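Just so it is clear, the model here is predicted, and its values are computed rather than measured.
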Amino acid sequence: MSAPARSPRPPRPRSRRPRWGLRLATGGAALVLAVSGIGHLLVSELESGIHRVDAFGGLDNRPKNTGGGVNFLVVGTDGREKITPRAKALYRLGGAPCRCTDTIMLMHLSADHRRVSAVSLPRDSYARIPTYTDATGKRHPHHPRKLNAAYAEGGPSLTVRTVEHLTGVHIDHYLEVDFTSFMKTVDVLGGVKICTARPLKDDHTGLDLAAGTHVLNGGQALQYVRSRHVDGTSDLGRIQRQQRFLAAVVHQTTAGGILLNPVRFNRVAGALLGSVRADHGFGAADMVALGRAMSGVTPASSEFASVPVILPGVPVKGSGSTLRWDQPKAERLFATLREDRPLVADRPKRSGATPVEVDPGRVRVHVLNGTNTAGLARRADRALHATGFATTGSPADAATPDVRRTVIAYDPVWDRSVRSLAAALPGARLKPVVGQGAVMQITIGADYAGVRRVRVEKPRTDAAGFGAVTGDEVVCPEGATRSL
């Protein structure tokens, strides 16, 4: 549309000052046009890569979404057909793929687009599979099984129906991610940083991580989220690791500006959608809109929980041991989702502290000053005490004042406890001394740069009783990173 004609004005003296307003306006308009063009191409390209699945066909008696927000059912499957033989051998992915689910998760995006809540549903949960008719026309009455049997018996549609019946949560969209798309997406992100307070080793998946912080590539990340034989926690421990991993992904995509960069977002979304399956109602335009909405989400506004269960498991004929949900707590959890309320009530945050396995309050420490800096041992003693360590409160001078590197002398029988102390003093050299006893001795060296705060790697239970945590409580603190 042409601009309306204006009455001529007397010419103004020519200014020597740059016309910044005009330049900014012109630059802004060009940026909008460029982003709009990229966005159109992005949507068209992504749309062609999405594999469709009928996840809602024939469903009836569905719960209503009365609280607002959008609910996704995210299912991780065992698809590995496109993984190379070398990668299969390297990451222990041999054997034929099964028609089964490794992960089942409800994700809720709040109505104001400021919060994401992820609730893991253990695949071994006791469930009553609803009555259904299979592809041959045979009708199956409702029957008890493990939750992941719903996918094996009736695919996405029966999985959606079973989860809705169990939780009372209306599912708006269905997303199915296999091993291939998972690995590709992590690699396109440039790897994902995770941290662990203790070594993690699983002979089944090949996972082998030392205590500390690591950047995992796609295959290593798959090992991390799949491992069930790290300790005695089995699937519940694996769920906790999956939550930490998701928190790390949220941190990386938001802090790295991926969601606001059309080109990088296109690469990540393209890798994900290359082998993902989604319901017919979830298009590429929805994904772009979701990406924009997620741009305001941070680790602090992302929440993670698992359905509370009652141990030990309960055997079901033909299915083995199943996990029974703690029904009162589970109902409160799902009611919170349905009502679009946060899972985590306001409470003091503990972000920025390094997670450790042994409570620092159980670690006894004596500090010596190995430098010529007066009062350094006393300051270190106070800093260690402030982060929770049981210091003696009586620092002293070391035998020599020329120690270059901080040393922690400890009895090898306390090898787990010393890792908590080492996390508070990154870079310190560990010196095992047989027979030293329970008190560890720190000799402060010239490299001393302060004490890093630590916390026990154990999520606090929220007031509602379902153990939800925010992403900033489980994401890695800033610091050194080890690439594998």
Side-chain angles (χ1 to χ4, degrees), residues 51-62 71-83 88 92-107 119-167 169 171 173-183 204-205 222 225-229 234-236 238-239 242 275-280 306-307 309 313-325:
H51 301 272
R52 297 298 178 183
V53 60
D54 183 11
F56 300 106
L59 299 188
D60 54 7
N61 298 321
R62 302 186 63 197
N71 298 314
F72 296 82
L73 181 62
V74 181
V75 173
T77 64
D78 190 17
R80 61 183 85 179
E81 295 88 347
K82 298 180 182 179
I83 298 177
K88 285 183 178 179
R92 309 283 180 90
L93 296 171
C98 66
R99 183 177 168 80
C100 56
T101 56
D102 257 16
T103 302
I104 304 172
M105 184 178 296
L106 274 174
M107 297 193 72
V119 177
S120 299
L121 312 180
R123 67 178 190 175
D124 293 338
S125 298
Y126 174 86
R128 293 196 67 82
I129 307 298
T131 300
Y132 71 97
T133 302
D134 63 24
T136 66
K138 181 179 179 181
R139 186 172 178 81
H140 298 262
H142 62 83
H143 53 285
R145 283 290 186 271
K146 291 182 179 180
L147 178 56
N148 67 342
Y151 187 91
E153 293 186 27
S157 179
L158 187 58
T159 302
V160 169
R161 189 176 181 192
T162 302
V163 170
E164 287 192 338
H165 280 217
L166 276 173
T167 65
V169 175
I171 295 171
H173 292 296
Y174 174 90
L175 294 174
E176 184 179 305
V177 182
D178 64 15
F179 289 174
T180 305
S181 59
F182 178 89
M183 293 170 66
H204 291 73
T205 64
L222 186 60
V225 299
R226 289 185 64 225
S227 291
R228 305 177 71 222
H229 304 279
S234 189
D235 202 38
L236 299 180
R238 181 176 70 162
I239 285 174
Q242 290 172 351
S275 48
V276 77
R277 301 208 302 169
D279 64 270
H280 291 286
S306 179
V307 182
V309 299
V314 178
V316 170
K317 185 177 180 180
S319 295
S321 181
T322 64
L323 291 173
R324 295 270 186 171
W325 291 358

If the condition is side-chain hydrogen bond (donor to acceptor under 3.5 Å, both in side chains), which residues does [X] pass it with, not counting sequence neighbours?
| X | answer |
| --- | --- |
| R62 | E164 |
| H173 | D279 |
| S125 | W325 |
| S120 | none |

Could you check if a side-chain atom of [X] sits within less than 4.5 angstrom of a side-chain atom of [Y], using non-hydrogen atoms only?
| X | Y | result |
| --- | --- | --- |
| L73 | T159 | yes |
| M105 | V119 | no |
| S157 | D54 | no |

Handout entry: Partner set under ring-ring contact (aromatic ring centres under 6.0 Å, His included) for H140, not counting sequence neighbours
Key =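 In terms of ring-ring contact (aromatic ring centres under 6.0 Å, His included), with neighbours along the sequence ignored, H140 is linked to Y132.
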Problem - Test ring-ring contact (aromatic ring centres under 6.0 Å, His included) applied to H143 - qualifying residues, sequence neighbours left out - result: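 By the ring-ring contact (aromatic ring centres under 6.0 Å, His included) rule, H143 matches no residue at all.
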Exercise for the section: Assess the side chains of T205 and S227: does a donor N or O sit below 3.5 Å from an acceptor N or O? Expected result: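 There is such a pair between these side chains.
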Exercise for the section: Check the side chains of E176 and Y174 for a donor-acceptor pair under 3.5 angstrom, ignoring hydrogens and angles. Expected result: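 The criterion, which ignores hydrogens and geometry beyond distance, is satisfied for E176 and Y174.
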Handout entry: By side-chain contact (heavy atoms from CB on, under 4.5 Å) - contacts of V316 (at least two apart)
Key =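 Testing V316 for side-chain contact (heavy atoms from CB on, under 4.5 Å), a comparison that skips the adjacent residues, returns Y126, P144, S319, T322.
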Exercise for the section: Under the side-chain contact (heavy atoms from CB on, under 4.5 Å) rule, collect the residues that match up with A127, sequence neighbours excluded. Expected result: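 Listed in chain order: L147, T162, L166.
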Practice task
Please collect all salt bridge (Lys or Arg N to Asp or Glu O under 4.0 Å) contacts where either partner lies in residues 125-139, sequence neighbours excluded, each pair once.
Solution key: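 Applying salt bridge (Lys or Arg N to Asp or Glu O under 4.0 Å) to every pair that reaches into residues 125-139, excluding sequence neighbours, yields nothing.
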Practice task
Measure across R238 and R226 and return the closest heavy-atom pair with its distance rounded to 0.1 Å.
Solution key: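 Shortest heavy-atom contact: CD-O, 3.2 Å.
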Practice task
Walk me through it: do D60 and R161 pass the test salt bridge (Lys or Arg N to Asp or Glu O under 4.0 Å)?
Solution key: CA-CA 9 Å; D60 54 7; R161 189 176 181 192; 3.6 Å; yes
